[in-house]
Amino acid sequence: MITDELIYKTLKDRFGYDTFKPGQLAVIRSVLAGQATLAVLPTGTGKSLCYQLPVYLLGHTTVIVSPLIALMQDQVAQLNYQGEKRAVAINSSLEPRQKQLILGQLSQYRFVFMAPETISQPTVIQALQQCQIDLLVIDEAHCISQWGIDFRPDYLVLATIKRQLKPRATLALTATANAQVRHDILTKLDMQSANSVITSVDRPNIYLGVSQQVDEASKNRFLKQLVMESQGPGIIYFSSRQKTVEIATLLQETTTLKVAYYHAALSTKERFTIQQQFMQGHLDVICATNAFGMGINKADIRYVIHYHLPQNIESYLQEVGRAGRDGKPAYALLLATAQDMYLQQALISFGIPEVGLIQRFYQDPNLFKGSQGNEFELLRRYQQIGMEEQAVSELLKNRQKEKQFALQTMLDFLNLHGCRRQFIVNYFDEDPRQIEHDDQCCGEPNSTAFLEKLNLKKITNDKAPKTAGLDHWNGILKQLF
DNA sequence: CGCTTTTGCCGTATGGCAAAAGCGGTGCCATACT
């Protein structure tokens, strides 16, 4: 029996803290009791502690399923920094021989990180079956719902893998999941009887703004004015790679700000460099697609601007939630024109195979052997995991309907008359009456005046600092003499 | 899905018009080739 006393002692000894953040203790108790657990905790509140601490009280191997190689490597580096050497990430950056070696002595590790595509490999499962698995963690579990069907189908076989590994407990972790997504996660992981620990998604220090613009030219003008007058750093999100380049170039050429762009077509090296520069404070603005963000734990991001409509409320909140992690004021602004919905509309079916293609593929997969693109990779993988044509068609058809519905909800948010914060908490099944609406919480700004109200206006060089500095020195001189 | 850009046609000077093509996001893995 593990007592709370022992839990707190471990917290102090291993992590140096005296108290838990909201939700953490409940999750840890549940996991230690061997319960399947779903934890929805806001970003930046120490989700990783929820599995790291139990590992030290359980003593065998914990497997963490993570969506990105960069995330795994961050976590391993963080554990190493904490003095934990028994942590390893298994992914394609390893030499085949190294991988074999690690798999052969897997039980020596306490933390094993890998992507769903890795954990579903037969050799990996065999190696894991030789270990006692205390805990199976699904990090960023909303990926099951967001990516599982039309992007990374290996997220759908995690339930099967869980059955093969027989972990003492399973823990699904995410920052944003409404009732439907939570249901989806629990069903697809076959853990319907799980304990759910859910904290509020509300982030009171982030102003939520929507600004309607007549066309792209006026959007660009307002955007430029915003980034010039705002305290930074900030992120601008786009739904097009080309636009990230275009606007980053515009800002580089017409302002003195340090600007970079980021999207999935850049090389791993370029992506790494830009991310590092941003994290270390060498950039004012980053123009990015949704490729940028997961694992970005930068506390002082002052704004997140959406140049295009996000694909759904979850993505919007995930992206917005990267601002103001330090608890200081920050703002989110969605710039919108009437045409923006067509881009999202198009993306709903982009890269998803049509019924005709699914049919032809299942009749003779060899016809598409060299074909590249998400459609084909998706179909090949579905066939490998033994899904029938009919089931795949159904799944993809329903997925597109869901996406369509989610876009409609995003449009409802865009055209809302009323408190945007109340809309958001209501969407996540919380009581909207907990929000007291005022002009600091949300609005429809069409000038940069709101920045002053929020205390987010940039302090310009020719004003405050120098005078303030002199006054400061004069004060010290007076005290001295 | 709908807006923007390119192509094709006419037929031989300099565009004009309609049809067609292009755009438009997210990442693991493995294996075969250079």
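In the text below, chain A, chain B and the rest are named by the order of the sequence lines, each starting its count at 1.
- As rounded to the nearest Å, B/dC9 and B/dA13 have C1' atoms that lie 15 Å from one another.
- Put simply, the side chain of A/Gln311 and the base of B/dG25 share a donor and an acceptor less than 3.5 Å apart.
- Distance from the side chain of A/Ser92 is smallest to B/dC29 among B/dG27, B/dG25, B/dC29.
- Contact annotation for A/Thr118: backbone-only contact, meaning every heavy-atom pair under 4.0 Å involves sugar-phosphate atoms and none involves a base.
- By the 4.0 Å N-to-carboxylate-O rule, A/Lys397 lies close enough to A/Glu394 to be salt-bridged with it.
- Using a 4.0 Å cut-off between a side-chain N of Lys or Arg and a carboxylate O of Asp or Glu, A/Asp300 and A/Lys298 qualify as a salt bridge.
- The aromatic ring centroids of A/Tyr207 and A/Phe450 lie less than 6.0 Å from each other.
- Rounding to whole angstrom units, CD of residue A/Glu375 and P of B/dG25 are separated by 13 Å.
- In this structure, A/Met294 places its CE atom 8 Å from P of B/dG27, rounding to the nearest Å.
- Under a 4.0 Å N-O distance rule, the pair A/Arg380/A/Glu377 does not qualify as a salt bridge.
- As rounded to the nearest Å, B/dC29 and B/dG25 have P atoms that lie 23 Å from one another.
- Ranking B/dC28, B/dT26, B/dC29 by closeness to the A/Gln121 side chain, first place goes to B/dC29.
- When rounded to the nearest whole Å, the span between CE of A/Met341 and P of B/dG24 equals 18 Å.
- Residue contacts shown for A/Lys99 are limited to sugar-phosphate atoms, with no base heavy atom under 4.0 Å away.
- Base contact: A/Glu377 has a heavy atom under 4.0 Å from a base atom.
- Picking from B/dC1, B/dC29, B/dT26 the nucleotide with the shortest atom distance to the side chain of A/Asn290 gives B/dT26.
- Atom CG in A/Leu343 sits about 15 Å away from atom P in B/dC1, given to the nearest Å.
- Comparing atom distances between the A/Ser240 side chain and each of B/dG24, B/dC29, B/dT26 picks out B/dG24 as nearest.
- Residue A/Trp147 contributes atom CH2, which lies 9 Å from atom C1' of B/dC28 at whole-angstrom precision.
- In this structure, A/Arg380 places its CZ atom 16 Å from P of B/dA30, rounding to the nearest Å.
- Residues A/Ile305 and A/Leu335 are in side-chain contact: their nearest non-hydrogen atoms beyond the backbone lie under 4.5 Å apart.
- Residue A/Ile348 is out of contact with every strand shown, counting any heavy-atom pair closer than 4.0 Å.
- For the C1' atoms, the distance linking B/dG11 with B/dG15 amounts to 12 Å, nearest Å.
- Among the atoms of the strands shown, none is found under 4.0 Å from any heavy atom of A/Arg381.
- Between B/dT14 and B/dC10, the two C1' atoms lie 12 Å apart (nearest whole Å).
- Look at the P atom in both B/dA32 and B/dC28: the space between them is 22 Å, to the nearest Å.
- Pair assignment for B/dT26: none, as no Watson-Crick or G-U wobble contacts are both less than 3.5 Å.
- The backbone N or O of A/Lys85 lies less than 3.5 Å from no partner atom in the side chain of A/Arg110, so there is not a single donor-acceptor pair.
- The partner of B/dC33 is absent, by the rule that a Watson-Crick or G-U pair needs both atom distances under 3.5 Å.
- A/Ala291 comes within 4.0 angstrom of sugar-phosphate atoms only, judged by non-hydrogen atoms across all strands, and of no base.
- Taking a pair to require two hydrogen-bonding distances under 3.5 Å in either a Watson-Crick or a G-U wobble arrangement, B/dC10 pairs with B/dG15.
- Here B/dG22 presents its C1' atom at 14 Å from CG of A/Leu347, a figure rounded to the nearest Å.
- Using a 4.0 Å heavy-atom criterion, one finds that A/Asn374 contacts the bases of the nucleic acid, with or without backbone contacts as well.
- Between A/Gln242 atom CD and B/dT5 atom P there is a gap of 10 Å when expressed in whole angstrom units.
- A salt bridge is defined here as a Lys NZ or Arg NE, NH1 or NH2 lying under 4.0 Å from an Asp or Glu carboxylate O, and A/Asp215 with A/Arg221 fails to meet this definition.
- Of the listed nucleotides (B/dG27, B/dC1, B/dC29), B/dG27 has the atom at the smallest distance from the side chain of A/Phe151.
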